Asker: 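I am attaching a structure below and will ask some questions about it afterwards.
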Amino acid sequence: MQAEAGANLKRLLEIEKRLFLSTDDLKIQHAKSLQDSLDASKDLQKEFATIEKKKEELADYLCEDRNKLSLEDVFSTMKTFRELFLKALQENQERKEQAAKSEKRKKHLKVEDAKRLKGEYGKSSTFNKK
């Protein structure tokens, strides 16, 4: 992509030279759009330079070889990490919910057992004290 942008800038500069040698009518008609294109292309070159500098800083930070570090690989690794991290968060949340349901079920069973035991032995717990 960077090579394409460089080639486009080169072509625009050639067109600018030809436009300079052309008639005034053509200059007036195309000068503004050509200049806008040149400015945008130069800005794009600056952005590529900034990205390259940031890539080198990232390579240094990660203790990687500046020439071998691939931003595509870094972003792919980050994406995979994020997906696995979010999956782990979801699984943890599901485990918490499952544990809460299990605890609630245990409490409910305990209460039911207590009621059942009270019902069975509550009346007869006096053991015929007549």
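All of these numbers come straight from a predicted model, not from anything done at the bench.
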Asker: Is the closest side-chain donor-acceptor distance between Gln29 and Asp25 under 3.5 Å?
Answerer: no
Asker: Can you tell me how far CG of Leu13 sits from CZ of Arg18, rounded to the nearest 0.5 angstrom?
Answerer: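 Rounded to the nearest 0.5 Å, the CZ-CG separation comes to 11.5 Å.
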Asker: Pick from Glu97, Lys96, Arg95: which one makes a side-chain hydrogen bond (donor to acceptor under 3.5 Å, both in side chains) with Gln93?
Answerer: Glu97
Asker: Do Asn8 and Leu44 make a side-chain contact, defined as non-hydrogen atoms from C-beta onward lying under 4.5 Å apart?
Answerer: no
Asker: May I have all residue pairs that pass salt bridge (Lys or Arg N to Asp or Glu O under 4.0 Å) and include part of residues 69-83, sequence neighbours excluded?
Answerer: Lys79-Glu83
Asker: My understanding is that only residues two or more places apart in sequence, or in another chain, count here; which of them pass side-chain contact (heavy atoms from CB on, under 4.5 Å) with Asp36?
Answerer: Lys32
Asker: Considering all heavy atoms of both residues, which atom of Ala5 and which atom of Gln45 are nearest to each other, and what is their separation?
Answerer: C-NE2, 3.2 Å
Asker: In chain order, what residues pass the side-chain contact (heavy atoms from CB on, under 4.5 Å) check against Leu89, with sequence neighbours excluded?
Answerer: Phe85, Leu86
Asker: Which ILVMFWY residues are connected to Leu62, directly or by a chain of links, through side-chain heavy atoms under 4.5 Å apart?
Answerer: Ile51, Leu58, Tyr61, Leu69, Leu71, Val74, Phe75, Met78
Asker: What's the spacing between Leu34 CG and Asp39 CG if we round to 0.5 Å?
Answerer: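 Answer for the CG-CG pair, Leu34 versus Asp39, is 9.5 Å.
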Asker: Looking at Lys110 and Asp113, is there a salt bridge between them, counting it only when a charged N and a carboxylate O are closer than 4.0 Å?
Answerer: no
Asker: Distance check, rounded to the nearest 0.5 Å: Asn67 atom CG versus Glu56 atom CD?
Answerer: 8.0 Å
Asker: Are Leu38 and Leu19 connected in a single hydrophobic cluster, I mean Ile/Leu/Val/Met/Phe/Trp/Tyr linked by side-chain heavy atoms less than 4.5 Å apart?
Answerer: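 Shared cluster, yes.
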Asker: Quick check for you: to the nearest 0.5 Å, what is the distance between Lys104 atom NZ and Lys107 atom NZ?
Answerer: 10.5 Å
Asker: Check this for me: Glu4, atom CD, are more than 12 non-hydrogen atoms of other residues, nucleotides or ligands nearer than 6.0 Å?
Answerer: no
Asker: Could you measure the distance from the NZ atom of Lys55 to the CZ atom of Arg66? Nearest 0.5 Å is fine.
Answerer: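 Result: 10.0 Å between the selected atoms.
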Asker: Could you list the residues that satisfy side-chain contact (heavy atoms from CB on, under 4.5 Å) with Ser37, not counting sequence neighbours?
Answerer: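 By the side-chain contact (heavy atoms from CB on, under 4.5 Å) rule, Ser37 matches Leu12.
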Asker: Using the test side-chain contact (heavy atoms from CB on, under 4.5 Å), find all partners of Gln98 that sit at least two apart in sequence or belong to another chain.
Answerer: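 Gln98: no side-chain contact (heavy atoms from CB on, under 4.5 Å) contacts found.
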